[in-house]
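Residue indices begin at 1 and follow the sequence shown. The shown structure was predicted, so the numbers you read here are calculated from the model rather than taken from an experiment.
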Amino acid sequence: MPDLSPALLARAHAYVRGESEVVTARHAATVVLLRDGASGPEAYLLHRVSTMAFAAGMVVFPGGRVDRRDSDAAVGWSGPSAAEWADRLGCDPPLARALVCAAVRETFEESGVLLAGASVDDVVPDTSGVRWEADRTALVEQELGFAE
């Protein structure tokens with residue numbers, strides 16, 4: 001078993017002693033970003049800060065909870081239908097749509113990678129411009145919905 005950080009170990013002991021509560025489960029999505037590297041596959045990972053209520057200090061893939069606006073029907077859609085995603089994810093189509101939108105939104109917020117484009121055959125190749133960064137910041141601050 002790998003060594004646990006002192007902070008994570010302390011949180012686990014506090015939970016066992018009944019001094020902390022379990023975080024309530026919410027619908028959430030995550031994305032595994034992989035690419036071919038010079039020495040083999042490379043994965044994009046994030047290190048969560050130690051003060052977070054959920055998975056504090058852990059190394060994770062980009063992702064997060066479903067926002068109420070992830071269900072917005074105005075979000076453009078291409079690729080497999082919400083019904084196809086629902087079959088794959090074992091849920092109803094509205095939840096599947098929200099989960100896919102959350103996965104795409106969270107990945108953009110946390111990594112700058114936008115898994116979306118004008119059609120099923122393309123994605124936005126570069127989000128490094130000032131306008132993209134302003135939109136990304138507005139999404140994080142919940143000043144802008146993903147459909148916008």
Side-chain angles (χ1 to χ4, degrees), residues 1-5 7-9 11-12 15 20-148:
M1 176 187 274
D3 290 334
L4 298 175
S5 72
L8 184 57
L9 193 55
R11 288 175 65 103
Y15 172 73
S20 67
E21 295 182 23
V22 175
V23 176
T24 302
R26 298 180 184 145
H27 291 295
T30 191
V31 172
V32 178
L33 295 173
L34 295 173
R35 70 178 180 188
D36 290 327
S39 301
E42 296 175 341
Y44 182 87
L45 298 165
L46 302 166
H47 187 243
R48 292 175 62 92
V49 297
S50 62
T51 56
M52 299 189 87
F54 178 75
M58 303 297 288
V59 175
V60 297
F61 296 111
R65 69 177 174 83
V66 172
D67 181 280
R68 62 177 171 74
R69 295 178 293 180
D70 292 327
S71 300
D72 188 343
V75 174
W77 192 271
S78 63
S81 70
E84 290 173 274
W85 279 109
D87 284 343
R88 292 178 188 177
L89 298 173
C91 62
D92 61 37
L95 178 56
R97 181 180 177 85
L99 288 166
V100 170
C101 287
V104 172
R105 176 186 51 74
E106 287 280 347
T107 300
F108 178 56
E109 286 178 7
E110 295 181 353
S111 70
V113 173
L114 183 56
L115 301 172
S119 74
V120 70
D121 297 319
D122 69 345
V123 295
V124 176
D126 182 10
T127 61
S128 61
V130 173
R131 182 165 178 222
W132 283 110
E133 189 56 32
D135 286 347
R136 187 173 155 199
T137 299
L139 277 172
V140 170
E141 299 297 325
Q142 297 187 343
E143 298 166 353
L144 186 67
F146 196 51
E148 298 167 286

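Proximity of a side-chain donor or acceptor of H47 to a complementary backbone N or O of G57 within less than 3.5 Å is detected. Although no hydrogens or angles enter the test, the distance criterion places no donor-acceptor pair under 3.5 Å between the side chain of T107 and the main chain of V113. Between the side chain of E106 and the main chain of P62, no donor-acceptor pair closer than 3.5 Å is present.
The two residues A43 and L34 come nearest to each other via the heavy atoms CB-CD2, 3.7 Å. Heavy atoms only, all atoms of each residue included: H27 and L95 are closest at CE1-CD2, 3.4 Å. Shown here for A98 and S71, the closest heavy-atom pair between the two residues is CB-OG, 3.5 Å. Across all their heavy atoms, D72 and A74 have their closest contact at OD1-N, 2.8 Å. Across all non-hydrogen atoms, the minimal contact from S20 to R11 is OG-O, 4.2 Å. Of all heavy-atom pairs spanning A86 and P93, the tightest one is CB-N, 3.7 Å.
Remark: D70 engages R105 in a salt bridge, criterion side-chain N to carboxylate O under 4.0 Å.
Separating the CZ atom in F61 from the CG atom in L46 is a distance of 10.0 Å, to the nearest 0.5 Å. Rounded to the nearest 0.5 Å, atoms CE (M58) and CZ (R48) are 9.5 Å apart.
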Could you go through the side-chain contact (heavy atoms from CB on, under 4.5 Å) check for L99 and W85 one step at a time? CA-CA 9 Å; L99 288 166; W85 279 109; over 6 Å; no
Walk me through it: do L114 and W132 pass the test side-chain contact (heavy atoms from CB on, under 4.5 Å)? CA-CA 10 Å; L114 183 56; W132 283 110; 3.5 Å; yes
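The side-chain hydrogen bond (donor to acceptor under 3.5 Å, both in side chains) pairs that include a residue from residues 86-101 number zero, where partners must be two or more places apart or lie in different chains. Within the structure, salt bridge (Lys or Arg N to Asp or Glu O under 4.0 Å) pairs that include any residue of residues 134-147 comprise E133-R136 (at least two apart or interchain).
Proximity of W77 to V100: side-chain heavy atoms (C-beta onward) are separated by under 4.5 Å at one or more points.
A 6.0 Å sphere centred on CG of D122 holds more than 12 heavy atoms belonging to other residues, nucleotides or ligands.
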